[in-house]
Amino acid sequence: MVTMMGISLVGRQVVMVGGGRVAARRIRRFLLDGAVIRVVAPEVCADVARLVQDNQLEWIARGFQPADLSDAWLVHTATGDAPTDGGVAALCSERRILCINAGDGAHGSARLAAETQSGDSIVGVVSDTGVDPVRTSLLRDAIAERLRNGGLPVRRRRTTTVGHVHLVGGGPGPVDLITVRGRRLLAEADVVVTDRLGPTAVLDELSSTVEIIDVGKRPQHHPVPQDEINAIIVDRARRGLRVVRLKGGDPFVYGRGGEEVAACLATGVPVDVVPGLTSIVSVPQAAGIPVTHRGTAAALHVVNGQDAPTEATLAALRDPQTTTVVLMGVSALASFAVAALDAGADENLPVAIVESGHTDAQRTTRATLATATDAAARAGVRNPAVMVFGHVAAVDLLMPALTSHADGRTTL
Ligand code: SAH
């Protein structure tokens with residue numbers, strides 16, 4: 001019968017008897033756990049030798065002697081010789097020191113669990129009787145997979161003294177285009193502060209006790225001002241809650257993520273950022289448009305369409321080897337196109353406008369710089385949309401990989 005315990009090895013002496021490959025693997029794990037390691041072995045493998053060289057452990061280069069155990073909390077045998085391992089294990093029992101015995105497929109008084117960590121939850125698997133490392137690690141892997149998918153109740157029920165803010169990039173919309181890390185953090189969150197864009201459907205999968213605060217723009221409502229958003233995330237974290245600030249695309253692309261990080265840092269709230277698939281690349285891609293393409297486009301210029309085009313943007317539009325991607329640009333398309341034409345850009349430069357990329361409502365409107373404004377008006381193009389100016393937007397670039405649908409959509 002065994003009892004599984006969470007034991008902290010931080011700063012505690014662990015003695016490894018043996019210096020081969022098994023020992024090396026376990027030593028690496030103990031080092032990550034913060035243990036102080038002494039290896040007793042006449043010879044060590046290259047991996048252990050490297051750790052000795054880096055001053056990460058103490059090596060006693062001889063056979064085992066009982067005195068080696070004097071200050072040990074935990075002993076691990078891995079000499080490859082079962083009688084030797086057994087002898088050390090027996091001595092440990094006499095001295096009441098816990099011992100993991102790698103020899104002979106038998107357990108000592110302690111055994112290491114196959115572990116997986118998800119946030120601050122650690123799940124371990126051990127066999128009660130007999131050793132079955134393959135079963136143990138398969139089981140661990142299966143649990144790890146479920147933890148990664150965000151389906152298990154990993155959310156803390158008891159708050160910690162200081163919470164945490166995670167800025168999570170949600171990608172362009174579909175729930176399976178958020179990162180695995182982002183999805184896990186959502187499963188752990190007490191509070192989710194969300195925008196209108198991004199994988200909002202994922203919120204339906206969260207427990208009804210998770211506080212969801214929508215700060216995005218709604219047709220009838222004004223968006224919540226940025227300083228108020230900053231105040232919300234800081235306030236919730238200071239109450240010891242885990243906050244996910246979920247954003248469409250990537251948090252650091254036209255998402256004011258930098259300001260939110262600064263607000264957290266200024267108030268001492270721990271914060272980190274999880275990247276997301278930005279619409280700059282993923283939305284054109286959904287319409288079969290590569291933003292760079294060998295021989296067609298070698299550079300990418302990205303702008304916010306709400307700002308008047310700068311000299312750099314006009315130069316990009318004139319350069320046939322540069323792709324210009326415009327976000328938030330639907331309402332300013334007419335003035336943008338006029339400015340580009342006035343600045344000498346090619347009137348036949350291909351343009352593609354991709355609305356609601358990666359969603360059921362995805363639609364692509366193709367035109368040229370000269371015809372784009374009319375084409376967009378005729379089609380009734382609406383936000384959110386990504387506009388692509390450049391030869392990569394030509395309809396036949398990747399033919400015949402593309403399929404044109406009767407409703408005008410083009411898909412891969
Ligand atoms: N942080 C986001 C961008 C936020 S700005 C990112 O990295 O993608 C909002 C703009 O992004 C929209 O006006 C639109 O231009 C673009 N956008 C975001 N998601 C989109 C989608 N699914 N389809 C089309 N455009 C999208």
Can you give me the closest heavy-atom contact between [X] and [Y], atom names plus distance?
| X | Y | result |
| --- | --- | --- |
| Ala23 | Gly18 | CB-O, 3.4 Å |
| Arg29 | Ala113 | NH2-O, 2.8 Å |
| Val351 | Ala372 | CG1-CB, 4.1 Å |
| Lys247 | Arg245 | NZ-NH2, 3.4 Å |
| Thr200 | Asp195 | CG2-O, 3.5 Å |
| Asp250 | Gly276 | OD2-N, 3.1 Å |

Calculate, to the nearest 0.5 Å, the distance between atoms [atom1] and [atom2] belonging to [X] and [Y] respectively.
| X | Y | atom1 | atom2 | answer |
| --- | --- | --- | --- | --- |
| Tyr254 | Ile280 | OH | CD1 | 6.5 Å |
| Leu206 | Arg155 | CG | CZ | 9.0 Å |
| Thr129 | Asp132 | OG1 | CG | 10.0 Å |
| Ile178 | Arg183 | CD1 | CZ | 7.5 Å |
| Leu241 | Arg156 | CG | CZ | 11.5 Å |
| Ile100 | Asp85 | CD1 | CG | 12.0 Å |

[X] side chain near [Y] side chain, heavy-atom distance below 4.5 Å:
| X | Y | value |
| --- | --- | --- |
| Val386 | Pro284 | yes |
| Thr365 | Arg378 | no |
| Arg256 | Ile229 | no |
| Met387 | Val325 | no |
| Leu69 | Phe64 | yes |
| Val131 | Pro133 | yes |
| Val165 | Glu260 | no |
| Val123 | Ser118 | no |

Short side-chain donor-acceptor distance under 3.5 Å, Thr267 and Arg238: no
Quick one about Asn348 and Thr368 (side-chain donor to acceptor, distance below 3.5 Å, no hydrogens or angles considered), yes or no? no
side-chain contact (heavy atoms from CB on, under 4.5 Å) partner of [X], the single match among [options]:
| X | options | value |
| --- | --- | --- |
| Val392 | Leu300, Thr323, Thr292, Val291 | Thr323 |
| Thr194 | Val244, Leu203, Val202, Leu186 | Leu203 |
| Val168 | Leu246, Val192, Val273 | Leu246 |

Would you confirm whether [X], through its side chain, and [Y], through its main-chain N or O, come within 3.5 Å as a donor-acceptor pair?
| X | Y | result |
| --- | --- | --- |
| Ser109 | Cys99 | yes |
| Arg38 | Asp68 | yes |
| Thr77 | Ala102 | yes |
| Arg363 | Ala379 | yes |
| Arg140 | Glu115 | yes |
| Asp33 | Ser8 | no |
| Gln362 | His358 | yes |
| Gln226 | Glu259 | no |
| Arg181 | Pro275 | no |
| Asp190 | Arg242 | yes |

Val261 vs Leu265, side chain to side chain contact (heavy atoms under 4.5 Å, CB included): CA-CA, chis, key distance, verdict: CA-CA 6 Å; Val261 168; Leu265 293 177; 3.8 Å; yes
Flag if over 12 foreign heavy atoms under 6.0 Å of [atom1], [X]:
| X | atom1 | answer |
| --- | --- | --- |
| Arg157 | CZ | yes |
| Trp73 | CH2 | no |
| Arg95 | CZ | yes |

The single option from Thr324, Thr313, Thr322 that satisfies side-chain hydrogen bond (donor to acceptor under 3.5 Å, both in side chains) with His301 is Thr313
Test Ser282 against Leu177 for side chain to side chain contact (heavy atoms under 4.5 Å, CB included), laying out the working first. CA-CA 10 Å; Ser282 65; Leu177 284 180; 6.0 Å; no
One thing to verify: whether Arg184 and Glu188 come together as a salt bridge, which I'm taking to mean a side-chain N less than 4.0 angstrom from a carboxylate O. yes
Can we say Asp235 and Arg239 salt-bridge, meaning some charged N sits less than 4.0 Å from an Asp/Glu carboxylate O? yes
Does the side chain to side chain contact (heavy atoms under 4.5 Å, CB included) test come out yes or no for Leu74 and Phe30, once each step is laid out? CA-CA 11 Å; Leu74 178 70; Phe30 289 141; 4.1 Å; yes
With side chain to side chain contact (heavy atoms under 4.5 Å, CB included) as the criterion, how do Val271 and Leu167 come out once you've worked through the C-alpha distance, each side chain's angles and the decisive distance to 0.1 Å? CA-CA 8 Å; Val271 60; Leu167 264 64; 4.1 Å; yes
